Every structure is written in C-alpha cells, then in structure tokens.
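Quick caveat: nothing in here was measured; it's all calculated off a predicted structure.
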Amino acid sequence: MRHLQIALWGVLPYLVLVLFVAGSVWRYRYDRFGMTTRSSQLHESRLLRVAGPLFHYGLLFVIAGHVVGLLVPERLTEDMHITEALYRANALVVGGLAGLAAVLGLALLLWRRLRVRAIRQAGVRGDRLVYPVLATVLLAGVAATLLGSRAGSYDYRLGVSVWFRSLFELEPDVPAMAGAPLLFQAHTLLGIVLFALWPFSRLVHAFGVPLGYLVRPYVVYRSRATLTDRGGTR
C-alpha cells in the first residue's frame with residue numbers, strides 16, 4: 001500500500017502535469033482551430049442561455065475557491081483573524097452554492113445534448129469520457145464541501161492543502177494526502193484524471209478565452225450617412 005500511495009500522490013501528479021503541458025502544446029500546434037467549444041447554439045439556444053452561464057460562472061467560483069483553499073495556508077487566515085467557524089461557513093455557503101450551480105448547469109447541458117438529436121450527433125467520442133468524469137468530480141467536490149463544513153470534521157487545509165503545496169516544492173508530502181478521508185482522495189484523484197484528459201477534449205477551449213478584447217483599442221465606426229454629411233467620399 002505504501003508503494004501505491006507514493007505512485008498516486010508522489011509520482012502521478014507530475015506525470016499528468018507533463019501530459020497536460022505537452023498535450024496542450026501539441027493541440028495548439030496541430031489542431032489550433034479545433035480548440036473550440038464546438039458551439040451548438042444554432043441547434044438549440046433556450047436551454048443554453050440558462051445552462052451555459054450557470055455552469056461556467058459556477059465553475060469559475062469553484063476554481064477560485066480551490067485556489068484559496070489549496071494555496072492559502074491556515075496560519076494566514078488566522079493572522080487575518082478569520083475564525084475556523086467563519087471559514088467553514090463561507091466555504092459552505094459560497095463553495096456549496098457555486099458547486100451546486102456548476103452541477104445544475106452541467107446537468108442541463110447534458111440533458112440538452114441528450115434531448116436534441118443534432119447536438120448529440122455533433123458530439124465527439126471524448127465527450128463520453130470527459131462528461132462523466134467532470135460530473136463525478138463536481139459531485140464529489142460538493143459532497144466534500146458539505147462534509148468539511150461540520151464542526152470537528154476533517155480539515156483539508158491541514159492535509160490536502162499541505163500535500164498540494166508540497167508538490168511545488170518538489171517534495172510531495174505523501175502522508176498528508178494518504179491520511180485524508182476516502183472522499184477527498186477520490187475527489188483529488190478524479191481531478192487529476194480530468195487534467196490528463198483536458199488537452200484532448202473540448203475543455204481545452206478554456207485556453208481560447210479572448211482576454212485580448214479587454215485591452216484592445218476601440219474600433220471607431222462611421223456610418224455612410226455621416227460621411228456624406230461631412231462631404232466625405234467612399
């Protein structure tokens with residue numbers, strides 16, 4: 001069992017990281033124009049207008065919560081005079097609502113895909129594997145949030161977070177992760193699997209977020225009537 005723990009929590013994360021980076025670079029180089037969501041809005045838009053924002057905004061808050069929970073040490077929140085009870089309550093309310101929103105949005109997107117034949121036929125084989133993994137990761141995360149919100153329950157910031165930060169130091173704290181409850185281990189392991197699949201699925205479209213639009217200069221349009229009034233010519 002010791003060797004299995006080392007393989008899962010000491011070796012596998014680095015292997016997946018290499019696969020994630022190499023796969024993303026390969027995808028960008030050889031399938032740059034395939035890094036899209038394969039939009040199906042033309043086939044159905046009513047459910048998409050609800051499910052899309054619900055899933056994406058919910059997932060955004062979930063990711064933000066993970067960044068804070070995994071990277072911010074417990075001693076830092078203590079120095080900020082944030083009590084354990086307040087931290088758990090915030091994780092339950094904000095994290096729980098974000099997780100439920102992402103789950104509900106994903107459920108609606110899956111229902112939409114199953115309900116509309118054209119969308120179902122436009123899917124790719126990788127979706128059949130990615131969607132179940134993504135759904136299981138979200139459900140396990142919501143369950144872990146509910147479990148960790150109870151007083152006296154497992155404090156992931158003293159276990160999972162310590163292990164996660166140790167990966168950046170290239171000295172994985174395997175016992176810290178091996179001592180976590182099975183639910184937290186399953187959630188983490190499924191998350192690792194999801195990152196392994198990421199470059200080879202439609203999830204890679206996250207790298208195509210048009211951040212350049214935020215800083216690009218304004219485009220000035222002038223109507224033909226305005227040019228005519230000013231004596232301009234085409």
Side-chain angles (χ1 to χ4, degrees), residues 1-28 35 58-80 82 84 87-88 90-91 94-96 98-99 102 126 129-130 132-149 153-201 203-207 209:
M1 182 63 69
R2 176 64 178 174
H3 296 293
L4 179 60
Q5 292 173 350
I6 294 176
L8 289 179
W9 313 122
V11 178
L12 183 61
Y14 296 108
L15 294 179
V16 171
L17 177 61
V18 173
L19 180 62
F20 179 82
V21 174
S24 300
V25 172
W26 174 87
R27 185 77 181 269
Y28 180 79
M35 298 173 64
L59 190 60
L60 183 63
F61 278 96
V62 166
I63 295 174
H66 278 70
V67 170
V68 173
L70 294 175
L71 295 181
V72 177
E74 188 174 30
R75 64 177 181 275
L76 181 59
T77 56
E78 292 177 350
D79 293 340
M80 298 173 62
I82 299 177
E84 183 68 18
Y87 184 90
R88 289 177 181 269
N90 179 73
V94 179
L129 180 60
V130 171
V133 174
L134 179 58
T136 308
V137 169
L138 289 175
L139 290 174
V142 172
T145 299
L146 296 177
L147 179 64
S149 64
S153 60
Y154 172 74
D155 189 353
Y156 71 91
R157 293 193 294 167
L158 298 179
V160 179
S161 298
V162 173
W163 166 79
F164 184 78
R165 291 194 298 271
S166 70
L167 294 177
F168 296 94
E169 301 172 357
L170 301 181
E171 294 183 4
D173 192 340
V174 175
M177 190 66 210
L182 182 61
L183 178 60
F184 287 84
Q185 293 186 9
H187 177 57
T188 304
L189 187 60
L190 287 169
I192 293 176
V193 173
L194 185 63
F195 273 97
L197 298 174
W198 193 291
F200 312 102
S201 68
L203 294 176
V204 76
H205 81 271
F207 296 139
V209 176

- What is the minimum heavy-atom distance between Phe61 and Ala98, and which atoms define it? CB-CB, 3.6 Å
- Item | Side-chain touch Arg88/Asp155, heavy atoms, less than 4.5 angstrom | yes
- For residues Leu15 and Leu19, determine if any side-chain heavy atom of one lies less than 4.5 Å from a side-chain heavy atom of the other. no
- Message: Could you check whether any side-chain N or O of Arg27 sits under 3.5 Å from a backbone N or O of Ser201, counting only pairs where one atom can act as donor and the other as acceptor?
- Response: yes
- Do you know which of Tyr156, Phe184, Trp9 makes ring-ring contact (aromatic ring centres under 6.0 Å, His included) with Trp163? Trp9
- Where Met177 and Thr188 come nearest, the two heavy atoms and their spacing: CE-OG1, 3.3 Å
- Message: Please report the interatomic distance CZ(Arg165) to CG(Leu71), rounded to the nearest 0.5 Å.
- Response: 7.5 Å
- Query: What orientation do Phe168 and Phe164 show, parallel under 30°, tilted 30 to 60°, or perpendicular over 60°?
  - Reply: perpendicular
- Message: Side chains of Phe200 and Val130, heavy atoms from C-beta outward: is any pair under 4.5 Å?
- Response: no
- Supply the atom-to-atom distance Leu139 CG to Leu134 CG, rounded to the nearest 0.5 angstrom. 9.5 Å
- Task: Please tell me if the side chains of Pro175 and Arg2 come closer than 4.5 Å, counting only heavy atoms from C-beta onward.
- Result: yes
- Message: So His187 and Val160, do their side chains get closer than 4.5 Å, heavy atoms only?
- Response: no
- Query: Less than 4.5 Å apart, any side-chain heavy atom of Leu8 and any of Gln185?
  - Reply: no
- Measure the spacing between CG of Leu59 and CG of Leu138 and express it to the nearest 0.5 Å. 6.5 Å
- Note on the structure: Minimal heavy-atom distance between Val133 and Leu129, with the atoms involved, is CG2-O, 3.2 Å
- Item | Distance (rounded to the nearest 0.5 Å) between Thr136 OG1 and Leu194 CG | 10.0 Å
- Smallest heavy-atom separation, Tyr154 atom then Gly159 atom, equals OH-CA, 3.3 Å
- Task: Please check if the side chain of Ser161 supplies one atom and the backbone of Val72 the other of a donor-acceptor pair under 3.5 Å.
- Result: no
